[in-house]
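Residue indices begin at 1 and follow the sequence shown.
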Amino acid sequence: MKSFALSMAFVCIVLIHPFAVAQCIQVGPLDAALFSNNTSLGTVAWNNPGNAALSDGSRAQATQVLSLFATAQTNYLVVQNLGFAIPTGAAICGITVTVERSAGGLSLGGSVEDLSVMIVKNGSIAGAEHASAAGWPSSDATATYGSSTDTWGLSWLPSDINANDFGVAIAASLNAGLASVSMSARIDHISITVHYMNPSILPAKPRQLTVHVTPAAPAIGFYPNPAGNSITITGKRKTAAITIKDLEGRLIKSVNIDPAVRLPQISLVGIKPGLYLLEIDGTVVRLQVK
């Protein structure tokens with residue numbers, strides 16, 4: 001019995017390191033099938049919104065005649081129904097929007113700039129503002145908004161992405177400068193790429209980690225998940241260090257908490273909504289911040 005107890009006290013196991021399987025899959029860029037002018041912002045309407053379907057030189061345009069130093073704001077150009085089919089149970093890592101746009105009628109001191117770039121979820125314009133301060137060029141060029149780890153300030157389910165009312169909304173600011181002029185914001189093409197994680201369909205590349213486990217010790221974990229402003233760590237820990245990293249391995253937060261503290265809380269204030277990796281005692285688990 002003594003020999004059996006000793007063998008159970010120290011068990012050698014092999015773990016599959018999460019970095020080997022926690023990879024984001026890219027779907028897209030996909031083109032939209034539904035285009036509209038949304039008047040919730042600005043006053044200058046987009047003509048021929050459907051011309052933003054393809055990169056073919058046929059452009060959706062919002063045009064206004066402006067006097068010296070005058071400005072105007074366009075409505076939102078909204079594109080939706082992109083035909084995504086993200087698997088049920090997948091975790092959304094990030095969303096990237098690509099816009100091919102240009103400015104017409106640029107004069108001395110004049111410019112066309114982003115007014116608002118927002119995601120469309122469940123048919124509503126929402127999330128974090130992604131407008132850039134860069135001016136639109138006089139000929140078509142591509143601008144990228146978001147990234148493989150940017151969830152636009154929102155929590156996502158695959159059904160949200162797959163829905164026909166998922167998309168993006170873009171509005172521009174027209175600034176005349178030193179002349180009276182007819183100015184245009186022009187968009188030739190808009191596409192969206194979605195990055196998601198689904199470990200169950202990825203090939204696992206095991207990385208051996210030898211760990212001595214005491215069977216009676218409670219498993220290390222945390223709650224809640226998805227989390228808000230804080231999480232509570234559970235289980236018996238051996239080390240003080242607790243780290244949070246993004247999906248590309250960049251350190252987001254590191255704290256040291258005495259392992260003797262039974263249920264320590266870690267603040268998540270300042271961490272953007274999205275998917276992260278929480279590491280405790282060499283164990284890495286997924287953490288979703290909402």
With heavy-atom distances below 4.5 Å as the criterion, would you say the side chains of [X] and [Y] are in contact?
X: V168; Y: V99; value: no
X: V117; Y: W152; value: yes
X: P259; Y: K238; value: no
X: E279; Y: L277; value: no
X: I187; Y: E100; value: no
X: I242; Y: F222; value: no
X: L106; Y: S138; value: yes
X: Q64; Y: S184; value: no

Before giving the answer on side chain to side chain contact (heavy atoms under 4.5 Å, CB included), spell out for S182 and T63 the whole-Å C-alpha distance, their side-chain angles and the decisive distance to 0.1 Å.
-> CA-CA 7 Å; S182 176; T63 303; 3.5 Å; yes
Cluster companions of V120 among Ile, Leu, Val, Met, Phe, Trp, Tyr (side-chain spacing under 4.5 Å) |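 Under the 4.5 Å side-chain rule, V120 groups with L41, Y76, V78, L115, M118, I125.
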[X] versus [Y], closest heavy-atom pair with distance:
X: P49; Y: L77; result: CB-CD1, 3.5 Å
X: A90; Y: I86; result: CB-CG2, 3.8 Å
X: T151; Y: C93; result: CG2-O, 3.5 Å
X: A172; Y: A185; result: CB-CB, 3.8 Å
X: S102; Y: S139; result: CB-C, 3.5 Å
X: F35; Y: A52; result: CE2-C, 3.9 Å

Inter-residue atom distance [X].[atom1] - [Y].[atom2], 0.5 Å rounding:
X: F166; Y: W156; atom1: CZ; atom2: CH2; result: 5.0 Å
X: I92; Y: H195; atom1: CD1; atom2: NE2; result: 10.5 Å
X: T149; Y: I95; atom1: OG1; atom2: CD1; result: 11.5 Å
X: T71; Y: L174; atom1: OG1; atom2: CG; result: 8.5 Å
X: I231; Y: I266; atom1: CD1; atom2: CD1; result: 4.5 Å
X: R59; Y: N48; atom1: CZ; atom2: CG; result: 12.5 Å

Sidechain-backbone polar pair: [X] side chain, [Y] backbone, donor-acceptor under 3.5 Å:
X: Q80; Y: D165; answer: yes
X: N37; Y: W46; answer: yes
X: D150; Y: G94; answer: no
X: S132; Y: A134; answer: yes

Checking side chain to side chain contact (heavy atoms under 4.5 Å, CB included) for the pair H130/V97: CA distance, chi angles, key distance, verdict?
-> CA-CA 10 Å; H130 277 61; V97 175; over 6 Å; no
Partner set under ring-ring contact (aromatic ring centres under 6.0 Å, His included) for W136, not counting sequence neighbours =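 For W136 there are no ring-ring contact (aromatic ring centres under 6.0 Å, His included) partners, ignoring immediate neighbours.
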Yes or no on side chain to side chain contact (heavy atoms under 4.5 Å, CB included) for N225 and Q288, after CA distance, side-chain angles and deciding distance?
-> CA-CA 6 Å; N225 194 19; Q288 185 175 352; 3.8 Å; yes
What about [X] and [Y], same hydrophobic cluster or not, with Ile/Leu/Val/Met/Phe/Trp/Tyr joined at side-chain heavy-atom distances under 4.5 Å?
X: Y145; Y: V27; answer: yes
X: V261; Y: L278; answer: yes
X: Y276; Y: L157; answer: no
X: L154; Y: L82; answer: yes
X: I280; Y: V255; answer: yes

Check the side chains of D31 and S191 for a donor-acceptor pair under 3.5 angstrom, ignoring hydrogens and angles.
->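 Short answer, no.
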Residue pair S40 / N38, side-chain donor-acceptor N/O under 3.5 Å |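 There is such a pair (donor and acceptor under 3.5 Å, judged by atom type) between the side chains of S40 and N38.
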For side chain to side chain contact (heavy atoms under 4.5 Å, CB included), just list the numbers for V112 and R101, CA-CA rounded to whole Å, side-chain angles, deciding distance to a tenth of an Å, and then say yes or no.
-> CA-CA 10 Å; V112 174; R101 78 279 192 275; over 6 Å; no
Single hit among N75, V79, I190, T74 for side-chain contact (heavy atoms from CB on, under 4.5 Å) with I170 =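 The side-chain contact (heavy atoms from CB on, under 4.5 Å) with I170 is passed solely by I190 among N75, V79, I190, T74.
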